[in-house]
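Heads up, the thing below is written out as structure tokens.
Naming convention: chains lettered A, B, ... in sequence-line order (proteins, then strands); numbering from 1 in each chain.
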Amino acid sequence: RKEVEQDPGPFNVPEGATVAFNCTYSNSASQSFFWYRQDCRKEPKLLMSVYSSGNEDGRFTAQLNRASQYISLLIRDSKLSDSATYLCVVRRSNDYKLSFGAGTTVTVRA
Amino acid sequence: SAVISQKPSRDICQRGTSLTIQCQVDSQVTMMFWYRQQPGQSLTLIATANQGSEATYESGFVIDKFPISRPNLTFSTLTVSNMSPEDSSIYLCSVELREGQPQHFGDGTRLSIL
């Protein structure tokens with residue numbers, strides 16, 4: 001079983017729509033969680049860290065459910081520029097290493 | 001954050017040759033990492049580049065194939081040796097500015113082997 005699993009999508013949504021997707025992780029001792037964004041043929045860029053209480057950054061909301069071992073990302077009022085692959089990233093508790101999901105592709109259409 | 005530069009940004013190489021990729025950071029960092037991202041896949045950690053000691057390699061990656069240097073706290077190199085078409089990939093370096101903080105990535109090196 002992979003350490004981090006994501007629905008690959010693609011999620012095709014119109015501008016202004018809300019889109020949400022999840023990521024599950026297998027190691028219950030995982031400590032830190034992040035969402036990264038990766039545009040086509042570019043490097044991953046940190047979108048937001050995910051905190052236990054959930055957190056919001058503008059149109060983006062991240063939630064963590066430790067009991068069920070999943071993380072979610074919600075994008076409100078989608079923009080064309082939100083089209084990208086979103087990577088779920090988990091840091092193990094016993095070291096600094098990161099485990100990456102394969103990514104969820106979102107395409108926002110006009 | 002930090003400015004992380006990789007060179008070259010892309011290259012096309014012949015089978016059997018070797019290429020060294022450089023990663024330069026504009027601030028001193030303890031932890032530097034090298035990843036590979038094969039087409040259509042997510043990132044896989046190759047090794048952790050430690051300053052003053054040998055790199056720590058992940059399962060499936062060996063020093064003879066991917067030698068790494070870390071001469072100081074702002075610079076590292078990854079060499080892809082004796083390349084084959086299976087090594088065609090994006091190679092990324094990343095840094096952790098402070099312990100426990102998210103990693104930040106260089107702009108990547110796109111490598112194609114003919």
Side-chain angles (χ1 to χ4, degrees), chain A residues 1-10 21 23-27 29-52 55 57 60 62 64 71 73 84-106, chain B residues 1-11 21 23-25 29-51 55-61 88-112:
Chain A
R1 184 185 171 188
K2 291 181 182 177
E3 282 194 62
V4 182
E5 300 211 47
Q6 293 183 248
D7 181 344
F21 41 89
C23 152
T24 58
Y25 60 95
S26 60
N27 187 342
S30 297
Q31 201 76 317
S32 306
F33 309 89
F34 312 98
W35 284 105
Y36 281 73
R37 170 196 170 123
Q38 187 171 30
D39 293 292
C40 187
R41 303 178 68 78
K42 300 277 192 180
E43 75 277 17
K45 292 185 178 175
L46 178 69
L47 180 66
M48 59 197 301
S49 301
V50 186
Y51 302 118
S52 297
N55 48 300
D57 183 359
F60 297 84
L64 168 63
I71 308 144
L73 182 66
T85 297
Y86 291 85
L87 304 176
C88 175
V89 183
V90 175
R91 187 200 308 273
R92 301 192 295 234
S93 63
N94 57 341
D95 61 31
Y96 43 76
K97 296 177 187 175
L98 302 181
S99 296
F100 287 78
T104 297
T105 299
V106 173
Chain B
S1 63
V3 176
I4 308 163
S5 305
Q6 283 186 234
K7 287 183 183 179
S9 58
R10 62 181 68 243
D11 208 338
I21 303 167
C23 180
Q24 179 78 53
V25 190
V29 294
T30 304
M31 308 296 287
M32 290 183 78
F33 307 90
W34 286 99
Y35 291 85
R36 179 173 75 181
Q37 187 175 28
Q38 294 180 303
Q41 298 189 27
S42 194
L43 281 76
T44 301
L45 181 64
I46 297 172
T48 303
N50 307 308
Q51 197 266 332
T56 305
Y57 288 83
E58 296 301 299
S59 175
F61 297 96
S88 297
S89 189
I90 300 173
Y91 291 85
L92 295 143
C93 69
S94 77
V95 304
E96 191 173 275
L97 297 177
R98 277 196 289 273
E99 189 175 335
Q101 294 297 304
Q103 291 179 19
H104 297 274
F105 288 85
D107 42 11
T109 297
R110 285 146 193 81
L111 191 54
S112 297

Legend entry - ring pair (Phe, Tyr, Trp, His ring centres under 6.0 Å) against Y51(A), all qualifying residues, sequence neighbours excluded: none
Inset, instruction - Taking heavy atoms only and a threshold strictly under 4.5 Å, list by residue number the residues of residues 30-38 of chain A that touch chain B; give 'none' if the list is empty. - result: F34(A), Y36(A), Q38(A)
Inset, instruction - Among R110(B), M31(B), Q101(B), Q37(B), single out the residue with the greatest number of heavy-atom pairs under 4.5 Å to chain A. - result: R110(B)
Legend entry - side-chain contact (heavy atoms from CB on, under 4.5 Å) assessment of Y35(B) paired with L98(A): CA-CA 11 Å; Y35(B) 291 85; L98(A) 302 181; 4.0 Å; yes
Inset, instruction - List in chain and number order the residues that pass side chain to side chain contact (heavy atoms under 4.5 Å, CB included) with S26(A), two or more places apart in sequence or in another chain; answer none if no residue qualifies. - result: R1(A), E3(A)
Legend entry - Atom pair CD (E43(A)) and OG1 (T109(B)), whose distance is rounded to the nearest 0.5 Å: 11.0 Å
Legend entry - Atom pair CZ/CD1 of R41(A) and I90(B) - distance to nearest 0.5 Å: 6.5 Å
Legend entry - Pick from S99(A), G101(A), P8(A) with the largest number of heavy-atom pairs that fall under 4.5 Å of chain B: G101(A)
Legend entry - Non-hydrogen side-chain atoms of E58(B) and K97(A) separated by less than 4.5 Å: yes
Legend entry - Region of Q6(B) that comes under 4.5 Å of a non-hydrogen atom in chain A: neither
Inset, instruction - Anything in residues 41-48 of chain B with a heavy-atom distance to chain A below 4.5 Å? Please list those residues in order. - result: S42(B), L43(B), L45(B), T48(B)
